Amino acid sequence: MQETIQIHNETDAIVARQRGRDMARRLGFSVVDQTRIAISISELARNMILYADHGEVLICEIRDPQGEVGLEVQVVDNGPGIADLEQAMSDGFSTSNGLGMGLPGTKRLMDDFVVETAPGSGTKITIRKWLHARYM
Amino acid sequence: MQETIQIHNETDAIVARQRGRDMARRLGFSVVDQTRIAISISELARNMILYADHGEVLICEIRDPQGEVGLEVQVVDNGPGIADLEQAMSDGFSTSNGLGMGLPGTKRLMDDFVVETAPGSGTKITIRKWLHARYM
Amino acid sequence: MQVPILKMNDVLIVTLGNEITDEEAIRIKQDILVKIQDTGCEGLLLDISVVDLIDSFMGRVLNEIAEMARLMGCRTAISGMSPQVAITMIELGLKLEGVYTALTVERGFDWLRNT
Amino acid sequence: MQVPILKMNDVLIVTLGNEITDEEAIRIKQDILVKIQDTGCEGLLLDISVVDLIDSFMGRVLNEIAEMARLMGCRTAISGMSPQVAITMIELGLKLEGVYTALTVERGFDWLRNT
Ligand SMILES: Nc1ncnc2c1ncn2[C@@H]1O[C@H](COP(=O)(O)OP(=O)(O)O)[C@@H](O)[C@H]1O
Ligand SMILES: Nc1ncnc2c1ncn2[C@@H]1O[C@H](COP(=O)(O)OP(=O)(O)O)[C@@H](O)[C@H]1O
């Protein structure tokens, strides 16, 4: 299972989080995990609109070497990138008078959280949730 | 429609915000938008008095290429300018024990917010509100 | 989306939907505040039982409505938050401050009528 | 502008106008505090129903009056804020803390008399 959603405005972000929730439900995630995934997609997609204007969200089913089922979301843009990632990942830091909870909060909600970014080369954030998390 | 108000003291700032409100009303802006415009003029004109001693406020009707009606305010002074604009734009930053909400707050209230400034060459802040904002 | 605002015994009741955009949020705020002024109601009940998540955007909207209503002299209660919404909201790091919370519409309503 | 301060049943009532300058703000603060001392009133009602915006200057004046009155042992209620003032004040980023808010003069007055 794999889906790609182009993100240009908030309505797209709402569609993407709904798709994430649907796929999570089909894979057998609990309602709480479905919500963790949906809220994470919402935060990252809104960031993309705000800081990078547009981009895309890929949602897919994954398996690890042991056959463990998971859901992976990639949020990819060609925006300005994040210069100081450590700062951006800290609770309350925001360059837009936002709450500054999006990145650190999403990290708390998911099992895996990986950022690839550099100034001028866009941002790719990959998040994963495992059906039976070995660590939570 | 265009008006220029010379700003030397707070009474002038009060006149300027009243003129902004009047023009906004004539252009058909809602009472809430009229208030957003008036409060923004008030903040910027008070800053001017405080940091640059005096200056002027220009209020005019504008149209974008698609014919969309808007109201533009230019707040111009020959004061010391702002050395670190990013810092000045962050919530709570003030060099005068102020609340530090004037610049970031005005940005939130308006549709467009542009600052041109350099140390020693004064400050020009241009703000706009569109009658039917395409992005809010 | 035009959000209907119900008036019942001096309490305004608003049922918030799931997919509120920025523009809708701005309109909802204005509609609620004008209604407070027009009706003189001192209680506002936001029912969120159909809301399936509260992200930082929605959290901000709820906090702003409650704070704006308070400035006018009207108290806000929020009813019907589901367990998954509560858990994920706290994990994300959001807070709802200065708002009374109730399990059901009935209890939120009773609280607003009796304070 | 000389702001009249009305005393009614141990509550001081002040109607604030729209265009308060720094100097007037200073005088209003002094007048109110002296009046609190002279009358021994424990309640202060600031009616802002004609105020058409609260910018950071006005927000600071209101907060200062309330805080000074509190230090003297007098509680403050603010009544009559309009929807557009509430919305823009919050969007600007201002807060009114430690102040009771009421929809109308009557309700603010009742609250001050009963607490
Ligand atoms: N896709 C992105 N592109 C560029 N910068 C970003 C992106 N996402 C987040 N950032 C930066 O990281 C900061 C922190 O993000 P976040 O924790 O979500 O808080 P907020 O969005 O409230 O500011 C943002 O203020 C912004 O500077
Ligand atoms: N017109 C101006 N000229 C020079 N500096 C200014 C001007 N306007 C604002 N500033 C600087 O920007 C800072 C932030 O302004 P603002 O957000 O309005 O907060 P505050 O006025 O409460 O300090 C001010 O403290 C000042 O240092």
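Nothing here was measured: the structure is a model prediction, and the numbers come from that model. Every chain is numbered from 1, with letters handed out A, B, ... down the list of sequences.
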**Q.** Worked verdict on D:Glu19 versus B:Gln18 for side chain to side chain contact (heavy atoms under 4.5 Å, CB included)
**A.** CA-CA 10 Å; D:Glu19 311 188 345; B:Gln18 196 50 49; 4.3 Å; yes

Q: Could you please spell out the steps behind the side chain to side chain contact (heavy atoms under 4.5 Å, CB included) verdict for B:Arg17 and D:Asp55?
A: CA-CA 11 Å; B:Arg17 85 182 191 211; D:Asp55 57 7; 3.7 Å; yes

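Contact count against chain D (heavy-atom pairs under 4.5 Å) is highest for B:Ser42 among B:Gly102, B:Ser30, B:Pro104, B:Ser42. The greatest number of non-hydrogen atom pairs below 4.5 Å with chain B, out of D:Gly93, D:Ser82, D:Gly59, is found for D:Gly93.
Around CD of D:Gln37, the count of heavy atoms belonging to other residues, nucleotides or ligands within 6.0 Å does not exceed 12. Counting heavy atoms of neighbouring residues, nucleotides and ligands inside a 6.0 Å radius, atom CG of B:Asp84 exceeds 12 of them. Summarising the local packing, NZ of D:Lys7 is surrounded by more than 12 heavy atoms from other residues, nucleotides or ligands at distances under 6.0 Å. Around the CD atom of B:Gln2, the shell of radius 6.0 Å holds more than 12 heavy atoms that belong to other residues, nucleotides or ligands.
A side-chain donor-acceptor contact under 3.5 Å links B:Arg21 to the backbone of D:Asp52. B:Glu10 places a side-chain N or O within 3.5 Å of a backbone atom of D:Asp22 that can act as its donor or acceptor partner. In this structure a side-chain-to-backbone donor-acceptor pair under 3.5 Å is present from B:Glu43 to D:Ser56.
The distance from the CD1 atom of B:Ile39 to the CD1 atom of D:Ile54 is 8.0 Å, given to the nearest 0.5 Å. Here the OG1 atom belonging to B:Thr106 is positioned 11.5 Å from the CD atom belonging to D:Glu91, to the nearest 0.5 angstrom.
The shortest heavy-atom contact between D:Arg60 and B:Leu99 is NH2-N, 4.0 Å. Across all non-hydrogen atoms, the minimal contact from D:Thr88 to B:Val32 is CG2-O, 4.0 Å. Nearest approach of D:Ile87 to B:Arg36, heavy atoms of both residues: CG2-NH2, 3.8 Å.
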